[in-house]
Amino acid sequence: MSDLFGSLSIAVRSLLAQEGAVSVTANNISNINTPGYSRQIPILTEAPPLDTGQISIGNGVEFNGVQSVRDNVLELRIDQETQQQNQLQSYVNSMNQVQSLFNDTEGSGLSDAINTFFNSFETLSDDPTSSSYRQAVISAGQDLASAFQQTGQQLSSIQQGVDQEVSQTVDEINSDTTQLAGLNQQIASLQGNTEQAGMLEDQQYSVLNSLSQLVDVAVTDSGSGSLTITTTNGVPLVAGAQSFALSTAANPSTGFQDIFSQGTDVTSTFTGGQLAGLLEARDQAIPSALSNLDNLASGIINSVNTLNQRGYDLNGDKGGDFFQPVVHPSPGSNAGAAENMAVAITDPSQIAASSDGTQGDNANALALADIQNQAVVNGETATDFYSNLVSTVGNDVSSATDEQEAVGLVLTQLQNQRSDISGVSLDEEAANLIQYQRAYEAAADVVSTIDQLTDTMIQTISAAT
Amino acid sequence: MKRSETQRYIELLKRRVASLRVTGKELRECRESFTRMDLEAIREHISYQKSLCAEIRALDDELGVLRRQLAAAAGLEPEGMSVAGFVGLFDADSALQLRQVMDALAVTQKAVRRLNRVYSGLLKRSRRSINVLINVMANYIGIYSPSPGRSAWSFPWQAGM
């Protein structure tokens with residue numbers, strides 16, 4: 001049987017335990033608006049019973065620290081969707097700039113320039129000897145070349161801007177992985193201090209969430225709260241207290257930054273997060289738009305030059321190149337055709353409007369005007385090809401935007417669920433507070449009763465002696 | 001061409017636009033229910049969406065019949081008739097009304113198509129969350145299976161396992 005002092009000890013432990021529980025509740029309430037905070041619960045366990053040989057007597061309660069309430073499966077899904085959302089967001093941001101280039105009213109006006117150029121040949125056919133009409137053709141050609149140049153240069157400029165963002169993102173990834181390695185080390189050194197570990201784990205999840213926005217990550221708990229982090233394709237980022245920094249180096253052929261992990265080129269391995277979105281825009285979507293633009297420029301240049309060479313100019317001489325011929329950097333490649341497009345002739349009389357060398361003949365001017373109705377690239381007319389290019393970019397951005405919206409909704413859904421599990425509920429905390437307060441009052445009553453009993457016992461003993 | 005038939009056609013198209021607008025509103029509200037995981041509300045929305053789809057299908061059938069009647073009355077082949085050709089069957093006032101309704105229909109259809117794409121993305125991703133939970137359960141189910149050592153006697157609450 002426990003004596004009075006044993007009972008007092010139980011009551012005092014209970015007071016301390018309830019006090020600890022009230023502290024946890026107070027901490028929860030004060031962190032109600034802290035982003036990334038997971039509510040904590042006190043770990044109250046039954047103290048080991050006193051074994052008196054034949055019977056065991058309860059020995060009260062012990063406060064064994066606190067535990068953060070967190071659902072790891074939910075955290076995993078939030079990380080996955082965060083990676084997707086940021087990938088789509090960075091992609092859409094980059095491609096919105098590309099889309100605005102092809103906007104008919106605010107963009108480079110390429111569509112109008114194509115139509116005006118071919119229409120100028122049609123006007124010339126009305127009076128092939130008119131020097132003003134001839135000058136108008138050259139001006140329209142220069143405007144067209146300028147529109148192609150500007151569009152090509154702006155696309156390259158967007159691509160370079162995205163490339164800079166790639167480098168910045170890699171720096172941010174390295175900063176996060178360094179922090180996570182530091183947190184791993186701190187958590188490992190705590191050895192069972194659950195309260196502090198809970199706080200550090202909250203920080204860990206917060207940094208991990210930030211990292212998930214930048215890159216796709218796969219997380220493994222390697223025990224004692226220490227996280228091993230790689231990309232989903234296995235590029236190591238953090239293992240225990242060590243972080244593996246990513247580095248960048250300019251690719252000699254493209255001039256853009258490639259990403260390396262411990263000497264290996266890992267540029268093409270990223271599948272999520274801001275970095276993947278930027279790389280997709282820089283290495284796939286923008287080059288595709290640029291390549292189509294070059295093909296269109298090349299198609300127009302070749303068609304116009306071929307027909308101009310077939311005709312005769314105002315002086316009765318055989319026509320030459322209207323545009324500077326395309327320089328192919330490699331067989332089959334039209335790279336640079338748009339950015340380098342330029343009108344080759346300066347003398348309006350050199351336009352080969354005639355098909356037989358007579359001054360008033362307009363047959364070749366009509367043929368040149370008719371190019372706009374003929375297939376010049378990939379079996380399509382210039383206008384159709386350009387329309388398809390614009391609609392491809394538009395559809396691409398539109399479907400990425402829709403997907404981004406869906407991901408945003410799912411993230412809200414998952415965050416709502418996370419909030420249900422890990423978030424602080426004031427009602428629940430208030431109820432807990434009352435419960436701990438009552439238990440504290442009861443324990444205090446026990447202390448008071450034992451005090452009275454002890455007093456009585458001392459008086460009894462004093463009287464007896 | 002009977003004016004009553006052309007007016008009936010326009011009226012049906014207007015009802016189709018209205019039904020599509022309600023469908024769009026429903027899709028927006030349903031996705032809110034999805035983000036709250038309010039299963040009862042989701043069930044109600046889906047049930048209403050089904051009835052809206054049935055209504056639109058019924059309207060489409062009725063529009064198809066009427067279109068064929070209008071074409072036949074004008075002595076034309078309804079199959080492969082162009083939009084311009086069909087509008088040409090209407091008198092000037094009705095043709096103007098028809099064009100306005102068709103423009104409104106095109107705008108509404110585009111908006112609903114977009115909402116539907118976002119909605120199906122939401123469903124696809126919610127499904128992924130469920131799949132992750134199923135995989136986790138499948139992975140851990142062994143832990144909670146009755147152990148062979150206990151098969152000789154079992155606790156009452158294990159009866160249903």
Side-chain angles (χ1 to χ4, degrees), chain A residues 70-89 91-92 96 99 208-209 212 216-221 232 271-273 277 391 394-423 425, chain B residues 20-21 23-46 48-49 103 105-145:
Chain A
R70 187 178 284 117
D71 184 333
N72 288 333
V73 175
L74 207 51
E75 299 290 344
L76 168 82
R77 283 291 296 130
I78 289 174
D79 282 348
Q80 284 176 342
E81 293 302 329
T82 305
Q83 288 159 26
Q84 282 288 303
Q85 195 190 41
N86 282 276
Q87 178 184 359
L88 290 163
Q89 193 173 343
Y91 180 76
V92 168
N96 268 337
Q99 195 182 19
L208 193 58
N209 187 262
S212 296
D216 52 299
V217 290
V219 184
T220 318
D221 190 340
T232 46
T271 59
S391 74
N395 287 339
D396 207 19
V397 173
S398 166
S399 60
T401 308
D402 290 350
E403 206 177 339
Q404 193 187 4
E405 195 175 339
V407 174
L409 290 165
V410 172
L411 259 178
T412 309
Q413 182 193 64
L414 293 168
Q415 276 157 355
N416 284 346
Q417 287 175 45
R418 184 190 191 277
S419 175
D420 286 347
I421 293 167
S422 303
S425 154
Chain B
L20 275 173
R21 282 185 181 147
T23 308
K25 185 169 167 279
E26 260 302 303
L27 286 172
R28 266 192 297 270
E29 285 176 3
C30 189
R31 65 190 201 184
E32 295 305 317
S33 303
F34 249 101
T35 57
R36 290 195 311 272
M37 285 303 267
D38 182 346
L39 296 181
E40 187 53 33
I42 292 170
R43 198 188 59 77
E44 281 172 16
H45 281 301
I46 290 175
Y48 187 37
Q49 282 166 19
D103 286 347
L105 184 64
V107 171
T108 313
Q109 267 176 335
K110 192 179 169 191
V112 171
R113 207 172 290 132
R114 190 181 167 277
L115 282 166
N116 201 41
R117 270 204 304 267
V118 173
Y119 186 68
S120 78
L122 172 64
L123 292 182
K124 194 175 74 185
R125 286 167 188 283
S126 297
R127 175 77 204 168
R128 195 178 295 167
S129 298
I130 292 165
N131 283 342
V132 169
L133 286 171
I134 289 170
N135 288 340
V136 170
M137 270 179 61
N139 220 15
Y140 287 95
I141 200 89
I143 294 172
Y144 302 103
S145 302

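In what follows, every chain begins at residue 1, and chains take the letters A, B, ... in the order their sequences are listed. Just so it is clear, the values below take in all heavy atoms, side chains as well, and ignore hydrogens, waters and symmetry mates.
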Counting only non-hydrogen atoms closer than 4.5 Å, does [X] touch chain B with its backbone (N, CA, C, O), its side chain (CB onward), both, or neither?
{"X": "A:Gln84", "value": "side chain"}
{"X": "A:Glu81", "value": "side chain"}
{"X": "A:Leu411", "value": "neither"}

Salt-bridge test for A:Glu405 and B:Arg114: reply yes if a basic N is under 4.0 Å from a carboxylate O, no otherwise.
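A salt bridge is present here (some side-chain N lies under 4.0 Å from a carboxylate O).
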Which atoms form the tightest heavy-atom contact between A:Asp402 and B:Val118, and what is the distance?
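Heavy-atom minimum between the residues: O-CG2, 3.7 Å.
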Shorter than 4.5 Å, heavy atoms on both sides: which option in A:Val407, A:Leu414, A:Leu74, A:Thr412 has the most such pairs with chain B?
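Looking at each of A:Val407, A:Leu414, A:Leu74, A:Thr412 in turn, A:Val407 comes out on top.
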For the atom pair CZ (B:Arg117) and OG1 (A:Thr401), what is the distance rounded to the nearest 0.5 Å?
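Result: 9.5 Å between the selected atoms.
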Compare all side-chain heavy atoms of A:Gln417 with those of B:Ser129 and state whether any distance is below 4.5 angstrom.
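No, too far: nothing below the 4.5 Å cut-off.
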Give a yes or no answer on whether the side chain of A:Asn416 reaches the backbone of B:Thr35 with a donor-acceptor pair at less than 3.5 Å.
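Checking the backbone N and O of B:Thr35 against the side chain of A:Asn416, a donor-acceptor pair under 3.5 Å is found.
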Does the A:Gln413 side chain pair with the main chain of B:Phe34, one donor and one acceptor, at a distance under 3.5 Å?
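Yes; judged by distance alone, with no hydrogens or angles, the pair exists.
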Give, as side chain, backbone, both or neither, the part of B:Arg125 having an atom under 4.5 angstrom from any heavy atom of chain A.
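B:Arg125 touches chain A through backbone and side-chain heavy atoms alike.
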